[in-house]
Amino acid sequence: MKKIALHWKILIGIISGLVVGILLNVVSGGQLDHGIFYVLKLVFHYMGDIFVRLLKMMVVPLVFASIYMAIVNLKSIKEIGKIGSKTIGYYLLTTALAVGMGLIVVNLIQPGNVDGALGDSLREAMGIPEKVTNASVGDKGSVEIILDTLVGMIPKNPIEAFATMNVLQIIFFSIFLALIAIAIPKKSAPLSNVVESIDALIQKGVAVLMKVAPFFLFFVVGRMFMKVGVVALLPLIKYAFTVLLGLSVHGFVTLPILIWLFTRKNPYKLLSQMITPLLTAWATASSAATLPVTMKTLQDDVGVNPKVSNFVLPLGATINMDGTALYESVAVIFIAGIMGIELTVGAQLIIFITASLAAMGAAAIPGAGLVTMGIVLSAVGLPLDAIGMILAVDALLDQFRTAINVWGDATAAYVINQSESKCLDMNKDV
């Protein structure tokens with residue numbers, strides 16, 4: 001019997017939770033404080049809370065280890081030359097453009113603007129406090145928030161930053177420490193080895209968490225629909241549309257424009273050649289699983305030099321997550337809207353920075369964006385429990401954002417290959 005892929009298990013868990021939650025809401029009439037319905041309410045609540053706590057547990061070590069190792073591993077750029085620096089520059093550009101597009105579409109459509117009673121019900125279903133107060137989403141002016149954010153990224157005490165889950169300070173400290181480590185490679189090697197082990201452990205931990213996710217997601221999604229009912233689908237459909245619109249514009253407009261600007265080649269010809277890897281990415285929801293297909297297609301069908309693809313694509317599967325970054329920026333503003341919090345321009349700049357950097361730490365496996373979502377939520381002072389609001393449609397969106405992740409990697413390999421074609425020895429085997 002063929003084994004069911006993880007992504008489909010997650011989808012089954014979510015749909016089952018949605019259906020059971022709605023049925024319980026209908027049968028109980030929304031009255032869950034008596035008899036068997038109260039018992040079920042407690043079961044769904046605490047099982048869902050376990051999963052959210054597991055997600056929270058991963059955030060701090062994931063931020064530190066993944067960002068530290070991503071930078072330390074870039075020491076090979078000096079050996080590879082211009083290919084390395086161009087690749088990093090291109091990935092930073094596309095990620096920033098993806099987050100920017102996400103912020104544009106979510107502010108235009110505003111999927112989180114819902115009826116006050118519905119917002120209250122959703123918050124109550126997720127066990128979120130009625131009011132969330134945080135300096136980053138307070139009443140300060142945008143300029144003041146931007147300055148406070150930039151200065152506040154520097155931790156007075158790194159240990160305190162870790163203990164209080166101050167994500168921006170952890171990111172700054174990780175980058176600073178990694179840059180110093182590159183400058184003194186021999187003396188920093190022991191620390192880098194330890195952090196590499198931590199990174200491997202956390203990535204494996206994320207993979208394990210995703211394996212049990214279908215079971216827990218049943219309860220997380222079920223508890224929301226048990227309380228709110230089918231009406232909870234309306235804002236989620238609007239949110240899903242917003243994410244898909246942003247992904248479509250980035251994938252079919254932004255990235256093709258970049259290809260044309262850098263190469264003067266027809267971008268849609270490349271898109272047609274990449275159909276197989278993109279469909280594989282959509283079906284598996286995993287950049288890592290798609291990597292061999294992407295490499296083979298670019299080398300055999302597109303003609304990208306293996307010297308380029310063998311460096312650009314594995315690096316992209318690690319640090320370039322355009323679709324994930326866009327989805328996180330939309331999701332956080334959607335959640336803030338549901339909670340009745342209007343984020344200022346300065347607060348959205350924080351989202352821009354953290355979503356761009358958090359995408360670097362996302363494991364290339366189905367559902368891993370849920371863990372890095374906690375990084376962005378924490379940065380603007382929103383509770384991680386609010387992740388439950390978007391889980392009903394997350395598995396489906398995961399497929400589309402993974403396809404955009406892979407498409408972004410492919411465009412990078414194509415652009416870098418065109419840029420370096422005259423310098424590379426095309427006849428030399430790698």
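Hydrogens, waters and symmetry mates are skipped; everything else that's a heavy atom, side chains included, is used.
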Supply the atom-to-atom distance [X] [atom1] to [Y] [atom2], rounded to the nearest 0.5 angstrom.
{"X": "Thr411", "Y": "Leu271", "atom1": "OG1", "atom2": "CG", "answer": "10.5 Å"}
{"X": "Met101", "Y": "Leu245", "atom1": "CE", "atom2": "CG", "answer": "8.5 Å"}
{"X": "Leu54", "Y": "Leu209", "atom1": "CG", "atom2": "CG", "answer": "5.5 Å"}
{"X": "Ile416", "Y": "Ser309", "atom1": "CD1", "atom2": "OG", "answer": "12.5 Å"}
{"X": "Leu291", "Y": "Thr280", "atom1": "CG", "atom2": "OG1", "answer": "11.5 Å"}
{"X": "Asn107", "Y": "Leu103", "atom1": "CG", "atom2": "CG", "answer": "6.5 Å"}

Are [X] and [Y] packed together at the side-chain level, in the sense that at least one heavy-atom pair is separated by less than 4.5 angstrom?
{"X": "Leu177", "Y": "Leu191", "value": "yes"}
{"X": "Trp407", "Y": "Leu270", "value": "yes"}
{"X": "Pro111", "Y": "Phe241", "value": "no"}
{"X": "Lys86", "Y": "Ser419", "value": "yes"}
{"X": "Phe162", "Y": "Ile170", "value": "yes"}
{"X": "Lys41", "Y": "Arg223", "value": "no"}
{"X": "Thr297", "Y": "Met274", "value": "yes"}
{"X": "Lys204", "Y": "Leu201", "value": "no"}

[X] (side chain) donor-acceptor with [Y] (main chain) under 3.5 angstrom:
{"X": "Asp199", "Y": "Val195", "value": "no"}
{"X": "Thr94", "Y": "Tyr91", "value": "yes"}
{"X": "Ser329", "Y": "Leu326", "value": "yes"}
{"X": "Thr354", "Y": "Val376", "value": "no"}
{"X": "Gln399", "Y": "Trp282", "value": "yes"}

Ignoring hydrogens, what is the shortest heavy-atom contact between [X] and [Y]? Give both atom names and the distance.
{"X": "Tyr90", "Y": "Gly408", "value": "CE2-O, 4.1 Å"}
{"X": "Ala413", "Y": "Leu298", "value": "CB-CD1, 3.8 Å"}
{"X": "Leu247", "Y": "Gly323", "value": "CD2-CA, 3.6 Å"}
{"X": "Glu328", "Y": "Ala355", "value": "OE1-O, 3.9 Å"}
{"X": "Phe216", "Y": "Met47", "value": "CD2-O, 3.3 Å"}
{"X": "Phe334", "Y": "Val106", "value": "N-CG2, 4.4 Å"}

What I want to find out is whether Arg401 reaches Asp394 closely enough, with some N-O distance under 4.0 Å, to be called a salt bridge.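 Answer for the salt bridge query: yes.
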Phe176 CZ: over 12 foreign heavy atoms closer than 6.0 Å: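 Counting other residues, nucleotides and ligands, CZ of Phe176 stays at 12 neighbours or fewer.
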Does the ring centre of Phe262 sit less than 6.0 Å away from the ring centre of Tyr414?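 Between Phe262 and Tyr414, which both carry aromatic rings, the centre distance is not below 6.0 Å.
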Is there a donor in the side chain of [X] and an acceptor in the side chain of [Y], or the other way round, less than 3.5 Å apart?
{"X": "Asn417", "Y": "Asn305", "answer": "no"}
{"X": "Gln299", "Y": "Asn310", "answer": "yes"}
{"X": "Thr324", "Y": "Asn405", "answer": "yes"}

Step by step, would you call Thr242 with Leu108 a side chain to side chain contact (heavy atoms under 4.5 Å, CB included)? CA-CA 9 Å; Thr242 305; Leu108 287 176; over 6 Å; no
Determine the interplanar angle of the Phe173 and Phe64 rings, folded into 0 to 90°, and report it as parallel if under 30°, tilted if 30 to 60°, perpendicular if over 60°.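 Ring orientation, 0 to 90° scale: parallel.
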Run the side chain to side chain contact (heavy atoms under 4.5 Å, CB included) test on Val312 and Asp409 for me, step by step, so that the C-alpha distance in whole Å, both residues' side-chain angles and the decisive distance to 0.1 Å come before the verdict. CA-CA 7 Å; Val312 174; Asp409 296 345; over 6 Å; no
Test side chain to side chain contact (heavy atoms under 4.5 Å, CB included) on Phe44 and Met226 and set out the steps. CA-CA 9 Å; Phe44 274 77; Met226 184 192 303; 3.4 Å; yes
In sequence, state the C-alpha distance, the side-chain angles, and the governing distance for Tyr46 and Phe219, and then conclude on ring pair (Phe, Tyr, Trp, His ring centres under 6.0 Å). CA-CA 9 Å; Tyr46 284 106; Phe219 295 100; over 10 Å; no
Before giving the answer on side chain to side chain contact (heavy atoms under 4.5 Å, CB included), spell out for Leu97 and Leu258 the whole-Å C-alpha distance, their side-chain angles and the decisive distance to 0.1 Å. CA-CA 11 Å; Leu97 289 173; Leu258 287 179; 3.8 Å; yes
